[in-house]
Amino acid sequence: MARRPRIAVVGSANIDLTTFTDQFPKPGETIFGQKFNLGFGGKGANQAAAARLCGADVFMVARVGSDLFGPATIENFKNLGIDTTHVKQIEGLSSGVAPIFVEPNGQNRILVVKGANDALKPDDVDAATEVLKASDCIILQFEIPLETVYYTVAFARKHGVRCILNPAPGQAVEMSALAGLDYFIPNESEAETITGMAVRNVEDAKKCAETMVAGGIRRVIITLGANGSLLAGRGLSEHVQPFAVKSVDSSGAGDAFIGSFAVFLAEGVPELEAVRRANLYAGLSTTGVGTQKSFYDRARFDAEWAVRG
Ligand code: RIB
């Protein structure tokens, strides 16, 4: 039997405080929300959880705070079977937290306080050299210092390890630091923030992706929510259709896409099919509440794929 994919995530871990509401308070006003959910989140941790649930051996490089949430986050990684050798608690800092608001149609708004995630530095990447070099893929996001992101992209390039960067939350990027990157996976709003080009439909997404590819990125995938995703590279621009699902909470869907996509690619699934599978995996994650809590395990996913793939 082929060995399991090895995925390393250099990224964030947060605690998600999700409130379900159909309206937002005005300044000075107090109103009632409908429902609340406390869960483990953070784009990095979610992507690690998705990769693990899809069957990979997963290694997390992260920093958590010296509060109640820090040890609980490490425990959660361990319960999922994720290697925490390079997850450390930082004295005097809070853990990352994310108040999330979900509307009745499943649409989310997220506010992130980075806390200890901001303490993950290039030295910490060096300390994990052996693990990272032995990985099939390194996954990164933007909830850690950009300096660390650029450093890790260069590390992956130097050691010939596939690298996926999810530029979330969207912020200004030094594109020259990303030249030669294997996969750049923003959603519509992140792509818009990065390029300054509006992304309102698939045609816009194609133009926007073209610009990023021209900047030297090998593949760009723009995730388009209920419109599926757009896969682009030199001479390649393919709109990949979504799967119909009854969405209740879209938080973490992008993370589900990225974690599962990394595993499918590492298993040798052809790229376009890996995107289709990741579309389904992400879509299914929106049918449950929360981020990691809503992710399917491999057996459940494979059963769905067998019927709908
Ligand atoms: O992508 C969803 C995630 O964004 C949440 O888990 C939250 O913690 C923020 O990082």
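Just follow the structure's listing: the first ligand is 1, and inside any ligand the first atom is 1.
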Name each N or O atom in ligand 1 that is under 3.5 Å from a protein N or O, and give the partner atom and the distance.
| residue | atom | partner | partner atom | Å |
| --- | --- | --- | --- | --- |
| ligand 1 | 1 (O) | K43 | NZ | 2.9 |
| ligand 1 | 1 (O) | D255 | OD2 | 2.7 |
| ligand 1 | 4 (O) | K43 | NZ | 3.0 |
| ligand 1 | 6 (O) | D16 | OD1 | 3.2 |
| ligand 1 | 6 (O) | D16 | OD2 | 2.6 |
| ligand 1 | 6 (O) | G42 | N | 3.0 |
| ligand 1 | 6 (O) | N46 | ND2 | 2.9 |
| ligand 1 | 8 (O) | N14 | ND2 | 3.1 |
| ligand 1 | 8 (O) | D16 | OD1 | 2.5 |
| ligand 1 | 8 (O) | G42 | N | 2.9 |
| ligand 1 | 10 (O) | N14 | ND2 | 3.1 |
| ligand 1 | 10 (O) | K43 | N | 3.3 |
| ligand 1 | 10 (O) | E143 | OE1 | 3.1 |
| ligand 1 | 10 (O) | E143 | OE2 | 2.6 |

> Between CZ of F101 and CG of L111, what distance do you get to the nearest 0.5 Å?
Replying inline: 7.0 Å

> Excluding sequence neighbours, so at least two apart, what forms salt bridge (Lys or Arg N to Asp or Glu O under 4.0 Å) with R52?
Replying inline: D57

> When the ring planes of F261 and F257 are compared, do they come out parallel, tilted or perpendicular, using 30° and 60° as the limits?
Replying inline: parallel

> Could E267 and R298 be called an ion pair, given the rule that one side-chain N must be under 4.0 Å from one carboxylate O?
Replying inline: yes

> Could you walk me through whether D83 and R6 pass the salt bridge (Lys or Arg N to Asp or Glu O under 4.0 Å) check?
Replying inline: CA-CA 11 Å; D83 184 287; R6 290 171 66 92; over 6 Å; no

> Would a line drawn from the ring center of F264 to the ring center of F301 be shorter than 6.0 Å?
Replying inline: yes

